[in-house]
Amino acid sequence: QVQLVESGGGLVQAGGSLRLSCAASGSGFSINTMGWYRQAPGKQRELVATITNGGNTNYADSVKGRFTISRDNAKNTVYLQMNSLKPGDTAVYYCNAVISLRAYNYRYWGQGTQVTVSS
């Protein structure tokens with residue numbers, strides 16, 4: 001079974017930075033598009049950023065210019081570098097990956113990591 005394990009969340013002051021990591025474990029799989037989503041209390045989960053196999057990236061307008069998504073294919077890991085954090089960025093951040101396993105595609109979600117930005 002493939003699992004996505006997230007790390008790097010925490011409490012940071014406004015203007016600070018955090019780096020989230022998400023590593024896929026298992027065997028016999030390949031990773032297609034990877035991304036980060038977030039969900040604040042009382043709100044729907046929203047897309048933050050995605051990155052394709054070819055390295056093409058997309059960002060939500062609210063984080064564009066502040067967040068950077070990247071991936072290390074050798075480590076099966078996706079990162080989210082978050083700079084100039086704002087209180088509005090406070091949310092649970094979820095890693096997402098579309099994974100090919102035994103000739104089928106599956107969507108996997110990480111367990112979520114809390115990011116809290118204080119003013």
> Please answer whether the main-chain N or O of Cys95 pairs with a side-chain N or O of Glu6 as donor and acceptor at a distance below 3.5 Å.
yes
> Could you state the interatomic distance from OG1 (Thr33) to CG (Asn53), rounded to the nearest 0.5 Å?
6.0 Å
> Please determine which of Ile69, Thr52, Thr50, Thr68 meets the side-chain contact (heavy atoms from CB on, under 4.5 Å) test together with Thr57.
Ile69
> Is there a path of hydrophobic side-chain contacts, each under 4.5 Å between heavy atoms of I/L/V/M/F/W/Y residues, joining Val92 to Leu80?
no
> Provide the closest heavy-atom pair for Ala23 versus Thr77 in the form atom of the first, atom of the second, distance.
CB-OG1, 3.6 Å
> Could I get the full list of side-chain hydrogen bond (donor to acceptor under 3.5 Å, both in side chains) partners for Asn56, not counting sequence neighbours?
none
> For Lys86, is there an ion pair with Asp89 - N to carboxylate O distance below 4.0 angstrom?
no
> Do the side chain of Asn96 and the main chain of Tyr108 share a donor and acceptor less than 3.5 angstrom apart?
yes
> Could you give the side-chain donor-acceptor pairs of residues 7-18 under 3.5 Å, partners two or more places apart or in another chain?
unit_1, atom_1, unit_2, atom_2, d
Ser17, OG, Asn83, OD1, 2.8

> Could you state whether Tyr94 and Val115 fall into the same hydrophobic cluster, counting links through intermediate Ile, Leu, Val, Met, Phe, Trp or Tyr residues with side-chain heavy atoms under 4.5 angstrom apart?
no
> Taking side chain as C-beta onward, heavy atoms only, is Met82 less than 4.5 Å from Leu20?
yes
> Ser84: what forms a side-chain hydrogen bond (donor to acceptor under 3.5 Å, both in side chains) with it, not counting sequence neighbours?
none
> Quick one: does NZ or CZ of Arg71 land under 6.0 Å from the six-membered ring centre of Tyr79, within 45 degrees of the ring axis?
no
> Please enumerate all residues that pass ring-ring contact (aromatic ring centres under 6.0 Å, His included) together with Tyr37, with sequence neighbours excluded.
Trp109
> According to the disulfide bond (SG atoms under 2.5 Å apart) rule, which pairs have a member within residues 28-76, sequence neighbours left out?
none
> Using side-chain heavy atoms (C-beta onward) and a distance below 4.5 Å, is Phe29 in contact with Asn76?
yes
> Can you list the residues that meet the side-chain hydrogen bond (donor to acceptor under 3.5 Å, both in side chains) rule with Glu46, with sequence neighbours excluded?
Arg38
> Looking at side-chain heavy atoms only, is the closest gap between Trp36 and Val78 below 4.5 Å?
yes
> Honestly curious: do Val98 and Tyr104 fall in one hydrophobic cluster under the side-chain, below-4.5 Å linking rule?
no
> Would you say Ser62's side chain and Ala60's backbone share a donor-acceptor pair under 3.5 angstrom?
no
> Are Asn32 and Ser100 close enough that a side-chain donor and a side-chain acceptor fall under 3.5 Å?
yes
> Answer with yes or no whether the hydrophobic clustering places Tyr59 together with Val48; edges join I, L, V, M, F, W, Y residues whose side-chain heavy atoms lie under 4.5 Å apart.
yes
> To the nearest 0.5 Å, what is the distance between CD1 (Ile31) and CD1 (Ile51)?
11.5 Å
> Is it possible for you to say whether Leu47 and Tyr93 belong to one hydrophobic cluster, with membership spreading through side-chain heavy-atom contacts below 4.5 Å?
no
> Decide yes or no on side chain to side chain contact (heavy atoms under 4.5 Å, CB included) for Gln81 and Phe67, but give the supporting numbers first.
CA-CA 6 Å; Gln81 179 67 46; Phe67 291 9; over 6 Å; no
